[in-house]
**Q** 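Quick one: structure below, then a few questions.
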Number of protein chains: 4
Amino acid sequence: MKTNVKTSPLMREKGLSGRGRLLVKCPDRPGIVAAISKFLADHGANIIESSQYSSDPEGGTFFIRTEFDCPNLADKQAGMENDFKELAHTFVMDYQFTYAEDRKRTAIFASKEPHCLLELLWEWQSGDLPTDIVLVISNHEEARGMVEALGIPFYYTPANKDIRKQVEQEQIELLKEHNIDLIVLARYMQILTPEFVSTFPNQIINIHHSFLPAFVGARPYERAYDRGVKLIGATSHYVTNDLDEGPIIEQDIERVNHRNHVVDLKKIGRSIERRVLARAVKWHLEDRVIVHENKTIVFH
Amino acid sequence: MKTNVKTSPLMREKGLSGRGRLLVKCPDRPGIVAAISKFLADHGANIIESSQYSSDPEGGTFFIRTEFDCPNLADKQAGMENDFKELAHTFVMDYQFTYAEDRKRTAIFASKEPHCLLELLWEWQSGDLPTDIVLVISNHEEARGMVEALGIPFYYTPANKDIRKQVEQEQIELLKEHNIDLIVLARYMQILTPEFVSTFPNQIINIHHSFLPAFVGARPYERAYDRGVKLIGATSHYVTNDLDEGPIIEQDIERVNHRNHVVDLKKIGRSIERRVLARAVKWHLEDRVIVHENKTIVFH
Amino acid sequence: MKTNVKTSPLMREKGLSGRGRLLVKCPDRPGIVAAISKFLADHGANIIESSQYSSDPEGGTFFIRTEFDCPNLADKQAGMENDFKELAHTFVMDYQFTYAEDRKRTAIFASKEPHCLLELLWEWQSGDLPTDIVLVISNHEEARGMVEALGIPFYYTPANKDIRKQVEQEQIELLKEHNIDLIVLARYMQILTPEFVSTFPNQIINIHHSFLPAFVGARPYERAYDRGVKLIGATSHYVTNDLDEGPIIEQDIERVNHRNHVVDLKKIGRSIERRVLARAVKWHLEDRVIVHENKTIVFH
Amino acid sequence: MKTNVKTSPLMREKGLSGRGRLLVKCPDRPGIVAAISKFLADHGANIIESSQYSSDPEGGTFFIRTEFDCPNLADKQAGMENDFKELAHTFVMDYQFTYAEDRKRTAIFASKEPHCLLELLWEWQSGDLPTDIVLVISNHEEARGMVEALGIPFYYTPANKDIRKQVEQEQIELLKEHNIDLIVLARYMQILTPEFVSTFPNQIINIHHSFLPAFVGARPYERAYDRGVKLIGATSHYVTNDLDEGPIIEQDIERVNHRNHVVDLKKIGRSIERRVLARAVKWHLEDRVIVHENKTIVFH
């Protein structure tokens with residue numbers, strides 16, 4: 001099943017074979033950090049980086065992301081995960097172990113405008129996106145050439161309202177068949193159905209071409225121009241069934257002025273969209289993002 | 001009437017005695033720049049800085065701001081303005097001559113939070129706001145001490161819905177009596193009536209504590225917190241009768257993260273509000289802002 | 001001795017009575033976080049915020065800053081510090097406990113330009129600088145009025161090369177007498193002798209008016225203008241005996257262009273200097289800065 | 001000679017057939033703007049955008065960039081240039097007419113790291129760089145594939161000190177043969193001889209991977225890491241015979257912290273280098289940059 005995995009050569013050199021990450025969400029109370037760090041020390045793991053956040057020290061929710069190195073991690077990880085269950089039970093933890101060697105499998109959805117797709121491919125080629133880009137799906141043929149030139153399979157799926165359900169069904173099968181962990185909507189200009197979205201909870205990242213919550217919906221650059229704003233932005237967020245209302249991962253802006261017509265805003269915007277999406281995807285791939293009540297905790 | 005003018009000592013040294021500015025808005029057509037620059041040259045004025053903008057070279061609106069030096073300007077200005085009428089008629093110009101020596105007369109409105117008021121006073125003291133701050137009006141007494149310490153009259157006017165019309169009437173009289181050119185709402189937390197606003201068209205500058213059009217209305221920091229945005233901002237705009245919908249002069253943002261609670265957003269926001277308002281006021285005072293169809297052209 | 005302490009009223013309300021911080025630097029090895037977090041849990045302290053950094057997971061130096069809440073902390077802190085000695089010995093720790101209630105005692109040094117002094121006073125008045133500003137020392141009289149208006153003692157000390165040693169001796173006595181913890185050079189334009197600097201190691205914060213290491217030394221704005229840079233900056237750093245070479249705490253920049261003459265760069269620069277110095281001082285006061293080999297680890 | 005010109009398809013649509021630009025540098029005195037704008041009006045040209053700058057209104061140097069539309073420009077331009085000579089003589093002007101239709105011919109020099117080359121190719125493909133990329137020269141073979149895939153000739157020229165003069169001679173011949181107007185050093189890691197540089201005055205744009213004048217010379221990221229700076233930057237400048245001392249066109253920065261090792265600074269830096277170089281090249285191609293005494297006036 002993993003035969004056509006495309007791995008950036010730069011990533012291979014990184015020697016992440018003993019690197020693990022533990023993400024935890026649980027009710028805040030004294031002793032959590034002590035218990036987790038003792039657990040890791042007892043299992044021979046050395047904490048490399050650890051970040052925590054409590055929504056409210058008195059009775060809030062506690063979040064921690066711990067990155068650790070552990071010799072012979074591949075041999076130990078099943079035992080470690082099994083041993084952790086007791087501790088997790090004690091503290092009522094919602095938790096997840098991930099391993100840098102198990103690279104996430106990503107599918108990119110694109111439409112006509114290629115800049116966000118290209119940025120992701122470029123970052124991936126440079127070794128800056130620790131993932132396998134398994135396939136690209138688009139409702140336009142334009143990008144086929146450059147995608148296939150990188151050895152990545154390209155699937156054309158037509159898009160219009162009448163056939164949405166059927167097309168999505170085929171897409172879901174394709175994604176399942178390839179064990180996709182992450183779907184990136186790289187300026188994919190189709191609305192996804194609730195069925196599709198609920199199949200991949202917190203696994204679909206979108207880039208919206210405005211500084212949300214300003215200009216929710218269609219034609220944000222045209223509306224930014226009409227309003228006469230002095231800054232334009234872009235927002236990367238997880239997709240939920242409320243359009244443009246999902247948890248925000250990253251935003252950025254650039255300055256514009258009265259000379260910039262809509263076409264200029266779009267050009268400037270492309271550059272913002274590219275970097276905002278690339279950052280959000282990278283943080284997700286490094287397990288730096290925890291979703292909590294329609295917001296994100298990003299440990300970077 | 002101008003007896004209690006407070007002039008920053010630094011500004012006096014600047015030697016702006018021969019400095020004039022011409023702002024023009026008219027239908028675009030060939031020859032406008034040639035006509036204006038010939039006019040100024042013929043009147044012995046040397047162009048120091050000139051900026052122009054055309055909304056559309058084919059049949060749009062043309063805007064130009066020209067700053068010039070002219071020896072003995074005080075003696076010449078009446079004649080120059082008279083001579084300009086013919087040219088203005090030919091090109092159907094909406095125009096305005098201003099003179100750096102005729103410092104604009106500013107009133108600041110404040111409420112409880114003093115940071116924007118303080119920033120303006122501080123910039124003025126440093127010689128960076130070319131204006132006379134003639135008076136401060138507030139519906140709270142807190143700032144009286146520091147305002148009066150600078151020799152600026154402080155007026156307390158109570159505020160609540162029931163007495164709004166009457167209070168505004170008194171305020172308008174005060175402003176008229178002191179020949180106020182510019183009203184700055186430095187986090188003045190009262191809504192102005194349409195009567196008040198229409199008395200001072202494009203002469204009232206407000207600071208809104210969000211990146212408009214996101215979070216129009218009340219409690220923007222609370223709502224930014226709830227939405228989980230990664231950037232917060234502030235917007236300075238001219239006041240119109242559509243709340244928070246007036247022409248935007250300046251905006252800026254700062255990065256925030258999940259650790260920042262509402263109280264932190266407010267603190268960070270104060271720093272953004274201070275500099276956004278100070279810039280907008282400064283550009284207005286230097287005649288750098290032209291309002292056109294609910295947008296601003298800012299020549300800076 | 002603490003009779004004339006000036007405490008910002010806003011700070012009093014914060015209820016930091018049970019808040020402590022532990023800063024640790026030690027050789028990296030497994031088990032440090034586990035040991036510290038167990039220690040705190042065993043002493044009834046709840047970790048509010050914790051950040052760590054390892055210069056190199058294999059044999060580097062490990063740094064951790066832990067902020068905790070602990071009921072009845074005042075009663076417990078002596079015992080807690082005593083108990084910690086054994087753990088500190090085991091891990092060869094360089095460490096420090098601080099308590100939010102023990103506000104640091106700050107002296108500000110200023111010269112002619114008041115903007116950085118004013119910014120600190122303003123932030124302190126707003127409750128954003130958790131410190132007691134005990135005194136201001138200046139080699140100019142200009143700021144006396146506004147400093148004394150806030151109830152802060154103002155000391156004039158003349159400055160020139162011939163009397164430097166004698167003046168510094170008087171300053172040191174004054175600072176010792178008032179138990180000063182932090183000295184902020186708010187655009188104090190005198191060079192300190194090695195004797196003075198060594199008396200207050202990592203306790204003197206300076207603001208340099210350039211983006212170091214560009215434009216080390218005198219007249220940075222003039223030199224930035226001559227070089228034609230497109231950005232200017234400011235740098236806040238701890239003072240060492242190598243001029244402008246001390247550990248950098250914070251830097252920031254703003255965009256400039258060919259129109260900006262030296263006087264404009266200075267104006268724009270003032271705004272950068274103000275915020276860079278205020279941030280650095282705030283982080284120091286919150287024990288967020290650890291100095292290591294002429295660099296800083298800033299946990300914010 | 002222009003047979004293998006590669007034109008981005010997007011650029012063709014822009015309809016710049018009647019667009020001209022006039023750049024002027026001359027001693028400042030009254031009447032220059034009037035004379036130029038009258039000249040253009042008399043020749044049927046409509047000013048689209050005009051920017052000016054005077055180094056000193058009293059006896060300094062005056063700079064103006066005027067962009068204009070003119071019907072049948074191709075037929076008129078020889079006559080217009082001839083007519084302008086008299087005016088140019090009167091005002092002692094150093095001047096240049098350029099025409100948007102005469103796209104500049106660009107050669108890109110690259111070495112091993114492809115990110116700056118890729119960014120330029122990407123911007124060019126998107127229609128955002130108004131130029132013909134005529135050839136790419138590199139002392140490494142890595143980029144050949146992707147360059148030739150775009151239909152752009154790729155020349156490998158070996159590089160080491162011993163053969164520098166001979167290699168440069170071949171390069172100069174190649175560049176002359178292809179009528180190259182602009183040479184972009186896209187992280188080309190070879191030093192050019194004075195002979196090469198003087199052959200292309202103000203026609204060679206380099207990207208230096210630091211915020212100049214900080215970290216002039218080799219290994220800037222390593223030195224930035226050692227100094228512990230909190231921001232890193234990149235600088236695009238014209239190449240002169242003083243290494244890293246040529247006129248700066250554009251600079252930008254990003255924030256870094258103690259966690260960022262040299263490898264991280266390089267990654268972050270790549271993103272800054274890409275956008276700084278792309279902006280500088282674009283401004284040069286649009287004739288927005290005037291060099292004056294080792295500084296640039298950039299009209300954007």
Side-chain angles (χ1 to χ4, degrees), chain A residues 51-57 60-61 63 210-216 220 223-238 244-261 272 276 279-280 283 288-300, chain B residues 51-57 60-61 63 210-216 220 223-238 244-261 272 276 279-280 283 288-300:
Chain A
S51 304
Q52 57 178 81
Y53 165 69
S54 175
S55 66
D56 182 351
T61 304
F63 305 85
S210 85
F211 179 82
L212 289 174
F215 310 120
V216 166
R223 289 151 65 209
Y225 176 75
D226 289 342
R227 181 62 186 92
V229 294
K230 300 301 183 185
L231 306 169
I232 59 168
T235 304
S236 191
H237 62 92
Y238 288 110
D244 301 332
E245 296 286 352
I248 294 171
I249 307 169
E250 170 67 342
Q251 304 186 286
D252 209 346
I253 57 98
E254 276 191 34
R255 196 161 276 276
V256 296
N257 64 43
H258 60 269
R259 294 187 200 281
N260 300 124
H261 286 260
I272 315 173
V276 167
R279 280 182 208 147
W283 295 337
R288 296 187 176 280
V289 189
I290 301 178
V291 175
H292 181 60
E293 291 177 358
N294 210 45
K295 295 194 201 181
T296 62
I297 287 97
V298 184
F299 289 123
H300 58 83
Chain B
S51 305
Q52 56 179 81
Y53 165 69
S54 174
S55 67
D56 183 351
T61 304
F63 305 85
S210 85
F211 179 82
L212 289 174
F215 309 122
V216 167
R223 288 151 65 208
Y225 176 77
D226 289 343
R227 181 64 187 90
V229 294
K230 301 300 185 186
L231 307 169
I232 59 167
T235 304
S236 192
H237 62 92
Y238 288 109
D244 301 333
E245 296 286 351
I248 294 172
I249 307 169
E250 169 66 344
Q251 304 186 286
D252 209 345
I253 57 96
E254 275 192 33
R255 195 161 277 277
V256 297
N257 63 43
H258 61 269
R259 292 186 200 282
N260 300 125
H261 286 261
I272 316 172
V276 167
R279 282 183 206 147
W283 295 337
R288 297 187 176 280
V289 189
I290 300 179
V291 174
H292 180 61
E293 291 177 359
N294 210 44
K295 294 194 202 182
T296 62
I297 286 96
V298 184
F299 289 124
H300 58 82

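Both backbone and side-chain heavy atoms feed into the values below; hydrogens, waters and symmetry mates do not. Being a predicted model, the structure only gives us computed values, none of them experimental.
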**Q** Does the side chain of A:Asn294 come within less than 4.5 Å of B:Arg227's, by heavy atoms?
**A**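 Heavy-atom side-chain distance check passes, below 4.5 Å.
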
**Q** Hey, which of A:Thr235, A:Ile297, A:Val216, A:Leu212 has the most heavy atom pairs under 4.5 Å with chain B?
**A**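 Top option by heavy-atom pairs under 4.5 Å: A:Ile297.
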
**Q** Atom CG of B:Asp226 and atom NZ of A:Lys295: how far apart are they, to the nearest 0.5 Å?
**A** 6.0 Å

**Q** Between A:Ile290 and B:His258, does the side chain to side chain contact (heavy atoms under 4.5 Å, CB included) criterion hold? Intermediate values first, please.
**A** CA-CA 11 Å; A:Ile290 301 178; B:His258 61 269; over 6 Å; no

**Q** Distance check, rounded to the nearest 0.5 Å: B:Arg259 atom CZ versus A:Ser55 atom OG?
**A**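 One finds 12.0 Å between CZ of B:Arg259 and OG of A:Ser55.
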
**Q** Contact between B:Val229 and A:Ile248 at the side-chain level, heavy atoms closer than 4.5 Å - yes or no?
**A**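 A side-chain contact under 4.5 Å exists here.
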
**Q** Just to verify, what does A:Glu254 make a side-chain contact (heavy atoms from CB on, under 4.5 Å) with, not counting sequence neighbours?
**A**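 Scan of A:Glu254 (side-chain contact (heavy atoms from CB on, under 4.5 Å), adjacent residues dropped) gives A:Ile268, A:Ser271, A:Ile272, A:Arg275.
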
**Q** Do the side chains of A:Asp252 and B:Arg255 get close enough for a salt bridge, i.e. N-O under 4.0 angstrom?
**A**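 Salt bridge: yes.
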
**Q** What residue in B:Gly233, B:Ala214, B:Ser210, B:Pro247 has the most heavy-atom pairs under 4.5 Å with chain A?
**A**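 Option with the top pair count is B:Ala214.
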
**Q** Please report the shortest heavy-atom distance between A:Ile249 and B:Lys230, naming the atom on each side.
**A** O-CE, 3.5 Å

**Q** To the nearest 0.5 angstrom, please state how far the CG atom of A:Asn257 sits from the OG1 atom of B:Thr296.
**A**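 OG1 of B:Thr296 is found 9.5 Å from CG of A:Asn257.
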
**Q** Please determine, among B:Phe63, B:Tyr225, B:Phe299, the option with the most heavy-atom pairs under 4.5 Å with chain A.
**A**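 The candidate making the most pairs under 4.5 Å is B:Tyr225.
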
**Q** Side chain from CB out, backbone as N, CA, C, O: work out which of these in B:Glu245 comes under 4.5 Å of a heavy atom of chain A, or both, or neither.
**A**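 Interface part for B:Glu245: both.
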
**Q** Classify the ring geometry of A:His261 against B:Tyr53: parallel below 30°, tilted from 30° to 60°, perpendicular beyond 60°.
**A** tilted

**Q** For chain B, which candidate among A:Arg223, A:His237, A:Glu250 shows the most heavy-atom pairs at distances under 4.5 Å?
**A** A:Glu250

